[in-house]
Every structure is written in C-alpha cells, then in structure tokens.
Amino acid sequence: KRLVLIGPPGSGKGTQSPMIKNENCLCHLATGDLLRAAVAAKTPLGLEAKKAMDAGALVTDEIVVGLIEENIKKPECRTGFVLDGFPRTVVQAQKLDEMLSSKGQSIDRVLNFAVADQALVDRITGRWVHPASGRSYHEKFAPPRVAGVDDVTGEPLVKRKDDNAETLKSRLSAFHAQTAPVIDHYKQRVVNIKADKPQKEVAEQVRKALE
Ligand code: AP5
Ligand code: ZN
C-alpha cells in the first residue's frame, strides 16, 4: 500500500502512524521528523529549513521533495509506505505523482484527518515528544507512564519549538491555504477520517479505510 496522511497540525497523523505502519508492513516517512532531525544535526539543509519551521511556515517544495526522493528509495519502503505530512502543496503532490509514475506506481489512498481548528490548540500545547523515535504523548489525552519520560526508552520528553498557540495560528493558515487543495488533487482516492474522536475510535476508522 502507498498511503498519504493529510491533516492540520495536531490532527493525529503522527499518533496513528505506528499502527498503520506495523499493521500493513509499510515504512513511515514524516517530513516534519526528517526536517527536525536535520535541524538538530545542524546540516546545511537543516539550517535553511529552521527559520520557516520556527515561524510555522512551510519549507520550500525543493527541500522536502529532495528529502522524500532520498528516503523513499530505502529498501524498507519497497513494499509500500505511509507519508505523514507530505505532500503539503499541490506542487509537492505533482512531484510525488511523477516520482511514482516513472516506476509504474501511484498513491492508493489518502486519509484526510479532519479536526476543527479550535480543537487543535489543546492538542498542540499539551504535546510532549520523544525526538529520537518521533513518539508523541499528551499531558491530558495520552500521558506517559512517568511524567516527562518516554515509556520505551526512559529518555526525557521535550516540547517542540513550534508547539505554542501563536505559531499554531501560522501553521493553521498554511494548512488551509496551501495543503487543503491537495485533498482535491487526490479527490477519488480520499477517505475522510473523523479525527476529533478519541484515539482508539480514530484507529478503528483508519483500519476500516484501509480494508
Ligand atoms: P510536522 O511535523 O508535519 O507538523 P504538523 O503538520 O504541524 O503536524 P503535527 O506533527 O503537529 O500533528 P500530528 O497530526 O502529527 O499530531 P500528533 O499525532 O502528534 O511539520 C512541522 C513543520 O515542518 C511544518 O510547520 C513545516 O515548517 C515543515 N514541514 C513538514 N513537512 C513539510 C512539507 N511537506 N512541506 C513544507 N514544509 C514542511 O498529535 C498531536 C497531539 O494530540 C499529541 O499530543 C497526541 O498525543 C494528541 N492526540 C493525537 N490524537 C488524539 C486524539 N484522537 N484525541 C486526543 N488527543 C490526541
Ligand atoms: Zn506529526
């Protein structure tokens, strides 16, 4: 399966990804995680992307398309993949379609994680992440066993720099202006997920959508 997850910041893409990946034997490529790793490693690409990310704006199409091209070649992606946070502009979607069609492939399904803007403030401001694995927690909705500590590794959890109410506004406007049109681009392949439900109910909807 070749899948795309689209949804506003905090809609649960990263939360549902491990289940989707494990139950369908796919690789998980999240451009946000790849970019944050590049920022942390202070690579030239990371240094270039940082400003836009801190401001809640989109990084250039060129940078993220390059990242996907490089990572989608990996052997673990051969059987299929789940793209989380990419494509986020119509140009990125067109580039992805070209990349795949040159290999006789295409996107099978696009899951549209729909949540109203006002529900996302609490999700974003309460999030804690384990940067090395990409695992997310929430202080109210999905707390770790020990506050501030990753369940699996015992390592400390951190806040993302862009997870504040102010930057969220910019991220939401980027989503509505630049990413929402991608849903139309994939029209017939889109399945709508009511992502404002509790995590387990969202997981059930996703499983149904992938049957
Ligand atoms: P990115 O990392 O992709 O951030 P985002 O799109 O803003 O999405 P989030 O990671 O915030 O949301 P999510 O849906 O994964 O939420 P999660 O599951 O963690 O991108 C960051 C930046 O990188 C962008 O702003 C941009 O600058 C750049 N970038 C990345 N990709 C790009 C691209 N393709 N083009 C250009 N620039 C790009 O859940 C959030 C919280 O809610 C968690 O605490 C979780 O525990 C909780 N939660 C999850 N589900 C539920 C539920 N059902 N009920 C209650 N709580 C829940
Ligand atoms: Zn995410």
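Counting convention: from 1, in listed order, for ligands and their atoms alike.
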Apply side-chain contact (heavy atoms from CB on, under 4.5 Å) to the pair L5 and I193, showing each step before the final yes or no.
-> CA-CA 10 Å; L5 308 186; I193 303 291; over 6 Å; no
Would you say the side-chain atoms of D108 pair up with the backbone N or O of R2, donor to acceptor, closer than 3.5 Å?
-> yes
Could you check atom 22 (C) of ligand 1 against the protein and tell me its nearest heavy-atom contact, residue, atom and distance included?
-> M53 CE, 4.0 Å
At a 4.0 Å threshold, what atoms of ligand 1 neighbour a non-hydrogen atom of P198?
-> 53 (N)
Can you tell if the side chain of V202 reaches within under 4.5 Å of the side chain of T15, non-hydrogen atoms only?
-> no
So do V149 and P144 actually touch side chain to side chain, heavy atoms under 4.5 Å?
-> no
Tell me which part of V64 gets within contact of ligand 1: side chain, backbone, both or neither, using heavy atoms under 4.0 Å.
-> side chain
Does Q92, backbone or side chain, put an N or O under 3.5 Å from an N or O of ligand 1?
-> yes
Starting from atom 31 (N) of ligand 1, locate the nearest protein heavy atom and write down its residue, its atom name and how far away it is, to 0.1 Å.
-> T31 OG1, 2.8 Å
Short N or O distance, P9 and ligand 1, threshold 3.5 Å exclusive = no
dist I124:CD1 -> D162:CG (nearest 0.5 Å) comes out at 7.5 Å
Close N or O approach (G85, ligand 1; < 3.5 Å) = yes
Close-contact set for ligand 1 against G32 heavy atoms, below 4.0 Å | 1 (P), 2 (O), 20 (O), 30 (C), 31 (N)
Using distance alone, decide if ligand 1 has a nitrogen or oxygen within less than 3.5 Å of any nitrogen or oxygen in G12.
-> yes
Does an N or O anywhere in R127 fall below 3.5 Å from an N or O of ligand 1?
-> yes
Mark the output for S11 as yes if a heavy-atom distance to ligand 1 is under 4.0 Å, and as no if none is.
-> yes
Inter-residue atom distance R189.CZ - S106.OG, 0.5 Å rounding = 5.5 Å
Where does W128 meet ligand 1, judged by heavy-atom distances below 4.0 Å: at the side chain, the backbone, both, or neither?
-> neither
State whether the shortest distance between N or O atoms of D162 and N or O atoms of ligand 1 falls below 3.5 angstrom.
-> no
With respect to atom 47 (C) of ligand 1, which of K197, K51, H138, E139 exhibits the smallest heavy-atom separation?
-> H138
Quick note on ligand 1: atoms under 4.0 Å from a heavy atom of Y137 include exactly 43 (C), 44 (O), 46 (O)
Is the count of non-hydrogen atoms from other residues, nucleotides or ligands lying under 6.0 Å from K200 atom NZ greater than 12?
-> no
Is any NZ, NE, NH1 or NH2 atom of the basic residue among E211 and K208 found under 4.0 Å from an Asp or Glu carboxylate oxygen of the other?
-> no
Report the nearest protein non-hydrogen atom to atom 54 (N) of ligand 1: residue, atom name, distance rounded to 0.1 Å.
-> R123 NH2, 3.4 Å
When distances are taken from atom 7 (O) of ligand 1, the protein heavy atom at minimum range is R171 NH2, 2.8 Å
Should we say atom CD of E139 is surrounded by more than 12 heavy atoms from elsewhere, each under 6.0 Å from it?
-> yes
Out of curiosity, is E201 lining ligand 1, as in a heavy atom under 4.0 Å away?
-> no
D163 N/O to ligand 1 N/O under 3.5 Å = no
One should read off an interatomic distance between E62 CD and L67 CG, to the nearest 0.5 angstrom, of 11.5 Å
Taking distance alone, with no angle check, do G14 and ligand 1 share an N/O pair under 3.5 Å?
-> yes
K159 (side chain) donor-acceptor with T125 (main chain) under 3.5 angstrom | yes
Would you say L5 contacts ligand 1, with heavy atoms under 4.0 Å as the rule?
-> no
Any nitrogen or oxygen of L35, main chain or side chain, under 3.5 Å from a nitrogen or oxygen of ligand 1?
-> no
Rounded to the nearest 0.5 Å, the OG atom of S101 sits from the CD1 atom of I107 at a distance of 11.0 Å
Which one of A57, A174, G134 has a non-hydrogen atom at the shortest distance from atom 25 (O) of ligand 1?
-> A57
Sidechain N-carboxylate O distance under 4.0 Å for K169, E166 = yes
Between H28 and D33, a side-chain donor and acceptor under 3.5 Å | no
Please write down residue, atom name and distance for the protein heavy atom closest to atom 37 (N) of ligand 1.
-> V59 N, 3.0 Å
Excluding sequence neighbours, so at least two apart, what forms ring pair (Phe, Tyr, Trp, His ring centres under 6.0 Å) with H138?
-> F141
For atom 45 (C) of ligand 1, the closest protein heavy atom turns out to be T15 OG1, 3.6 Å
Just which atoms of ligand 1 are under 4.0 Å from any heavy atom in S136?
-> 19 (O)
Going by heavy atoms in the side chains, are F86 and V182 under 4.5 Å from each other?
-> no
Among R36, R88, R160, K13, whose heavy atom sits nearest atom 3 (O) of ligand 1?
-> R88
Of all the atoms in ligand 1, which lie at a distance below 4.0 Å from a heavy atom belonging to F141?
-> 55 (C), 56 (N)
Select one of side chain, backbone, both or neither to describe which atoms of I124 lie under 4.0 Å from any atom of ligand 1, heavy atoms only.
-> side chain
If you measure every N/O of G10 against every N/O of ligand 1, is any gap under 3.5 Å?
-> yes
In terms of heavy-atom contacts, does NZ of K161 have more than 12 from other residues, nucleotides or ligands at under 6.0 Å?
-> no
